[in-house]
J.: 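Next up is a structure, given as structure tokens.
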Amino acid sequence: MVRLFSRGDDQEEQRISGQLDRIPHQLEQASEAEQDQVRTALADRWRVKLAELLEEYPELEGELRALVEQVRASAPETQQFFTQNNHSHDRSRQYVVQHGTIVIREDPSARRGS
């Protein structure tokens, strides 16, 4: 990432490197409640910087895409946990599915009171 931004300029390399090095510290300093906001603000800031970089140097697109894929491949998979609680009372019915499809076909003649 530093190489993309610095393009051989030592001063720019130090500046970008310093900004990237401060990111973990900024996240550590944020309270647990603020961490998502800080993370989002940092991501937005770097997204704008990358867009501006590509606007100025469109030939870097392939290199940036390769870097993004490298980061994605090394990042841990997102884990999602779902909880579903269903309560039914009296003569009610529940048709529940958490992932996938459910198809209900009722026989109209089987209804009570028909």
Side-chain angles (χ1 to χ4, degrees):
M1 179 90 108
V2 172
R3 190 172 46 78
L4 281 174
F5 277 97
S6 65
R7 297 168 314 282
D9 182 336
D10 290 340
Q11 287 181 336
E12 186 67 7
E13 183 175 322
Q14 288 178 359
R15 188 179 74 78
I16 296 297
S17 183
Q19 289 177 357
L20 290 170
D21 288 345
R22 284 191 294 274
I23 290 174
H25 180 71
Q26 290 172 307
L27 289 169
E28 288 172 7
Q29 295 300 310
S31 70
E32 198 170 317
E34 295 172 320
Q35 282 188 354
D36 281 341
Q37 287 178 304
V38 171
R39 191 174 287 113
T40 299
L42 287 166
D44 289 345
R45 184 180 310 149
W46 283 95
R47 192 174 296 115
V48 168
K49 287 182 181 200
L50 288 167
E52 289 171 348
L53 180 71
L54 286 176
E55 201 173 283
E56 191 171 343
Y57 301 96
E59 67 274 11
L60 295 177
E61 181 181 355
E63 204 172 336
L64 180 58
R65 285 187 187 279
L67 177 63
V68 167
E69 286 308 312
Q70 180 184 358
V71 169
R72 273 195 188 131
S74 66
E77 289 186 33
T78 302
Q79 294 183 359
Q80 296 180 348
F81 299 95
F82 299 94
T83 300
Q84 182 171 333
N85 298 306
N86 303 294
H87 302 278
S88 185
H89 301 282
D90 301 324
R91 293 183 181 203
S92 62
R93 296 183 193 174
Q94 289 187 12
Y95 305 102
V96 180
V97 65
Q98 192 154 22
H99 301 286
T101 304
I102 188 169
V103 178
I104 308 298
R105 292 189 177 98
E106 289 189 10
D107 179 3
S109 63
R111 289 187 184 163
R112 292 183 185 192
S114 296

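Worth knowing before you read on, the calculation uses all heavy atoms, side chains too, and leaves out hydrogens, waters and symmetry mates.
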J.: Once side-chain contact (heavy atoms from CB on, under 4.5 Å) is applied, do any residues pair with Asp90, and if so which ones, sequence neighbours excluded?
T.: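 Partners of Asp90 by the side-chain contact (heavy atoms from CB on, under 4.5 Å) criterion come out as none, since no residue qualifies.
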J.: Mind checking side chain to side chain donor-acceptor pair (under 3.5 Å) for Ser74 and listing every partner two or more places apart, or none if nothing turns up?
T.: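 Ser74 satisfies side chain to side chain donor-acceptor pair (under 3.5 Å) with no other residue.
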J.: Would you say that more than 12 heavy atoms from the other residues, nucleotides or ligands in this model lie under 6.0 Å from the CD of Gln11, or not?
T.: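 Counting other residues, nucleotides and ligands, CD of Gln11 stays at 12 neighbours or fewer.
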J.: Can you list every pair that meets salt bridge (Lys or Arg N to Asp or Glu O under 4.0 Å) and has a residue in residues 20-32, with sequence neighbours left out?
T.: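 Sorted result for residues 20-32: empty, none.
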J.: Sort and list the pairs that fulfil salt bridge (Lys or Arg N to Asp or Glu O under 4.0 Å) and have at least one residue in residues 40-49, not counting sequence neighbours.
T.: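 Sorted pair list: Asp44-Arg47.
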J.: Would you mind reporting whether Ile16 and Ser6 have side-chain heavy atoms less than 4.5 Å apart?
T.: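 A side-chain contact is absent here, since even the closest heavy-atom pair is not under 4.5 Å.
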J.: Test of understanding: with salt bridge (Lys or Arg N to Asp or Glu O under 4.0 Å), list the residues that count as partners of Asp36, not counting sequence neighbours.
T.: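 Only Arg39 meet the salt bridge (Lys or Arg N to Asp or Glu O under 4.0 Å) criterion with Asp36.
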J.: In plain terms, say whether Glu69 and Arg65 are close enough for a salt bridge, that is, a side-chain N and a carboxylate O under 4.0 Å apart.
T.: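 Salt bridge absent between Glu69 and Arg65.
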J.: Please, which pairs that meet ring-ring contact (aromatic ring centres under 6.0 Å, His included) have at least one residue in residues 8-43, sequence neighbours excluded?
T.: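 Non-adjacent pairs meeting ring-ring contact (aromatic ring centres under 6.0 Å, His included): zero.
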J.: Who pairs with Glu12 by side chain to side chain donor-acceptor pair (under 3.5 Å), at least two apart in sequence or on another chain?
T.: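 If we apply the side chain to side chain donor-acceptor pair (under 3.5 Å) test to Glu12, skipping adjacent residues, the hits are Arg15.
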J.: Taking side-chain contact (heavy atoms from CB on, under 4.5 Å) as the test, write out the residues that go with Val48, two or more places apart.
T.: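 Partners of Val48 under the side-chain contact (heavy atoms from CB on, under 4.5 Å) test: Glu52.
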J.: Suppose we screen for side chain to side chain donor-acceptor pair (under 3.5 Å). Which residues come up paired with Glu63, at least two apart in sequence or across chains?
T.: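 Partners of Glu63 by the side chain to side chain donor-acceptor pair (under 3.5 Å) criterion, ordered by chain and then number, come out as Arg3.
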J.: List the atom of Val38, the atom of Ala30, and the distance in Å for their closest heavy-atom pair.
T.: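 Result for this residue pair: CG2-CB, 3.7 Å.
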J.: Taking all atoms of both residues into account, what is the closest heavy-atom pair of Leu60 and Arg7, and its distance?
T.: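 Heavy-atom minimum between the residues: CD1-CD, 4.5 Å.
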J.: List for me each residue that meets side chain to side chain donor-acceptor pair (under 3.5 Å) alongside Ser88, sequence neighbours excluded, and say none if there are none.
T.: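 Once residues adjacent in sequence are excluded, the partners of Ser88 under the side chain to side chain donor-acceptor pair (under 3.5 Å) criterion are Ser92.
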J.: Which atoms form the tightest heavy-atom contact between Val2 and Glu13, and what is the distance?
T.: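 Between these two residues, the closest heavy atoms are CG1-CG, 3.2 Å.
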J.: From Leu64 CG over to Met1 CE, what is the distance, rounded to the nearest 0.5 angstrom?
T.: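 Answer for the CG-CE pair, Leu64 versus Met1, is 7.5 Å.
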J.: What residue pairs, at least two apart or across chains, pass ring-ring contact (aromatic ring centres under 6.0 Å, His included) with a residue in residues 43-62?
T.: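 Only Phe5-Trp46 qualify under ring-ring contact (aromatic ring centres under 6.0 Å, His included).
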J.: What distance do Gln26 atom CD and Gln35 atom CD have between them, rounded to the nearest 0.5 Å?
T.: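 Atom-to-atom, Gln26:CD and Gln35:CD are 12.0 Å apart.
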J.: So, for Asn86 and Gln94, which heavy atoms are closest and what is the spacing to 0.1 Å?
T.: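 Residues Asn86 and Gln94, closest heavy atoms: CB-OE1, 2.7 Å.
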J.: For the residue pair Leu20 and Ile23, establish whether any side-chain heavy-atom pair is separated by less than 4.5 Å.
T.: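 SC-SC contact between Leu20 and Ile23 confirmed.
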J.: Less than 3.5 Å apart, any donor N or O on the side chain of Ser31 or Glu34 sitting next to an acceptor on the other?
T.: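 Distance-only check passes for Ser31 and Glu34.
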J.: Quick one: side-chain contact (heavy atoms from CB on, under 4.5 Å) partners of Ala41, sequence neighbours excluded?
T.: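 Counting only residues at least two positions away or on another chain, Ala41 forms no side-chain contact (heavy atoms from CB on, under 4.5 Å).
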